[in-house]
Amino acid sequence: MDQQSAQQELQQLRSQLNQERTAYYTNDAPLVEDHVYDQRYERLLALEKQFPQLVTPNSPSQLVGGQVLPEFSKVSHEIPMLSMGDVFSWQELEEFNQRIKKAVGHAVDYCVELKIDGLALSLVYQQGHLQQGSTRGDGQIGEDVTKNVRTIKNIPVDLPQKVDLEVRGECFMPKESFQKLNNQREQDGENVFANPRNAAAGSLRQLNAHVTQARDLSTFIYTVVEPAVLGVTTQAQALEKMQAWGFHTNVDYFVSHDLEGLQEFIEKYQTLRNDLPYGIDGIVLKVNDLALQQQLGNTVKVPRWEIAYKFPPEEAQTKIKEIVWT
Ligand SMILES: NC(=O)c1cnc(OC2CCCC2)nc1N
């Protein structure tokens, strides 16, 4: 076979295998039988062995980097990765709502999301290919964790369209994986992680990508930095579109008008949180209209258009709950 036709076949194999991998891990909806995927993967490896000069970073064979990094290189976030203001009571949520109504002049819709207890992650795509993954760091400068990010199963390496796009979300470790990891560490006489969030941070910020790959990390993507690229004008549409493009998003969100239905949502998830397969530490209220978000802008540290309502720590939950609701 000549190089030209090998190049064409490899391009097709890479795109097919990456799509099949995303569908399998993100939507639990495999596109092909396992043995078909395996045959394709074997063909890719054989061609790459015969034509090593045709291997690309996005190839499924390159997902786990070879060498262990000496340290992380730094990434500067063009748009700062802001944190969130926290409130702890219903009254403070109402004060937040009043501030928004005063600034905007009328009641607004909010997109209400679960607050996943993980660490913030940025994913940058160029021409539809995953180019870089980085941590929030101090909001301006984060760490380049691209090699590790490529091992996270529900992060797509290719997008359905060849566009430049940045999305952000939460990287977390499911509770069950956390338990298994700590049991294994205890058996190996290693120190255990205090909670799933620390385990996720320690696993993502690993200099050896093979270690990250073994840690069963996951993501919930919640922000598109440039909504126009996806043609969306609200946060709820952004969540829908990102899911359609292959990102793993959290479906337990709803749009409330002027806090309607919010108390029920909070009570529901303050109770449900123990049974969820991942950790949450509250809910996030975001002005749904993205143009309004821009109009409201940000303070130095946090956006004015969103607030995080933090649940009381799990052990104290019952006591504080009576105080908050009576
Ligand atoms: N932990 C979460 O689940 C979560 C975190 N952050 C955000 O929104 C960003 C958007 C701009 C600042 C915060 N949404 C979330 N759901």
Side-chain angles (χ1 to χ4, degrees), residues 77-88 93 96 100 108-124 134-140 142 152 154-155 165-175 195-201 204 217-227 230 232-243 247-256 262 265-266 268-270 272-273 276-311:
H77 301 298
E78 260 176 68
I79 311 283
M81 289 181 73
L82 299 174
S83 54
M84 285 185 275
D86 289 345
V87 296
F88 299 85
L93 277 175
F96 167 77
I100 296 288
V108 299
D109 283 354
Y110 292 104
C111 184
V112 186
E113 302 170 13
L114 296 180
K115 188 173 179 303
I116 311 302
D117 192 8
L119 68 154
L121 180 66
S122 156
L123 300 172
V124 174
S134 59
T135 61
R136 193 170 84 83
D138 63 6
Q140 296 285 352
I152 299 178
N154 56 25
I155 291 180
L165 180 76
E166 179 181 354
V167 295
R168 292 166 177 183
E170 205 77 4
C171 175
F172 68 94
M173 183 180 290
K175 290 175 183 171
N195 54 53
R197 193 212 163 285
N198 288 8
L204 182 65
L217 290 176
S218 184
T219 55
F220 280 123
I221 304 301
Y222 47 65
T223 293
V224 54
V225 172
E226 182 43 69
L230 295 186
V232 293
T233 59
T234 70
Q235 173 61 10
Q237 286 170 5
L239 291 171
E240 293 295 328
K241 200 67 177 264
M242 290 189 287
Q243 185 183 51
F247 292 105
H248 189 237
T249 61
N250 191 291
V251 294
D252 287 338
Y253 70 92
F254 85 110
V255 177
S256 94
L262 185 58
F265 187 83
I266 289 173
K268 174 181 174 186
Y269 282 100
Q270 244 180 284
L272 261 183
R273 74 189 285 200
L276 290 175
Y278 47 84
I280 62 171
D281 58 352
I283 58 122
V284 184
L285 210 59
K286 301 176 180 176
V287 169
N288 195 34
D289 183 295
L290 298 175
L292 267 186
Q293 290 185 10
Q294 290 300 316
Q295 184 189 317
L296 288 159
N298 309 325
T299 66
V300 170
K301 274 190 67 60
V302 298
R304 286 196 189 89
W305 44 267
E306 70 159 359
I307 201 76
Y309 169 82
K310 299 293 284 279
F311 293 154

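Start at 1 and go down the list; that is how both ligands and their atoms are numbered. Computed from heavy atoms alone, side chains included, the values below leave out hydrogens, waters and symmetry copies. Numbering starts at 1 and runs along the sequence shown.
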Any idea how F220 and Y278 line up, ring-wise: parallel (<30°), tilted (30 to 60°), or perpendicular (>60°)?
perpendicular
So which bit of K115 gets within less than 4.0 Å of ligand 1, heavy atoms only: side chain, backbone, both or neither?
both
Heavy-atom contacts with E113 under 4.0 Å: which atoms of ligand 1 show up? List them by number with element.
14 (N), 15 (C), 16 (N)
Numbering as shown, the atoms of ligand 1 that approach L82 to under 4.0 Å (heavy-atom distance)
12 (C)
Proximal ligand 1 atoms for L114, defined as those under 4.0 Å from one of its heavy atoms:
3 (O), 16 (N)
What is the closest protein heavy atom to atom 11 (C) of ligand 1, and at what distance does it sit?
E306 OE2, 3.6 Å
Measuring only between side-chain heavy atoms, which start at C-beta, is L123 closer than 4.5 Å to I221?
yes
Against ligand 1, does M81 come closer than 4.0 Å with any heavy atom?
no
For T223, the ligand 1 atoms with a heavy-atom partner under 4.0 Å come out as 10 (C)
Plane angle bin for Y309 and F311 - parallel if under 30°, tilted between 30 and 60°, otherwise perpendicular:
perpendicular
V302 to ligand 1, any heavy atom closer than 4.0 Å:
no
Taking non-hydrogen atoms only, is I116 closer than 4.0 angstrom to ligand 1 via side chain, backbone, both or neither?
both
For atom 4 (C) of ligand 1, what's the nearest protein heavy atom and its distance?
Y222 CE2, 3.3 Å
Has Q294 got more than 12 heavy atoms of other residues, nucleotides or ligands less than 6.0 Å from its CD?
no
Is there a side-chain contact between R168 and I79, using heavy atoms and a 4.5 Å cut-off?
yes
Counting C-beta onward and ignoring hydrogens, is there a side-chain heavy-atom pair between E170 and Y222 closer than 4.5 Å?
yes
K286 touching ligand 1 at heavy-atom level, < 4.0 angstrom
yes
Got an N/O contact under 3.5 Å between E170 and ligand 1?
yes
So does K115 pair up with E113, basic N to acidic O under 4.0 Å?
no
Can you find a heavy atom in the side chain of Q243 that is under 4.5 Å from one in the side chain of V251?
yes
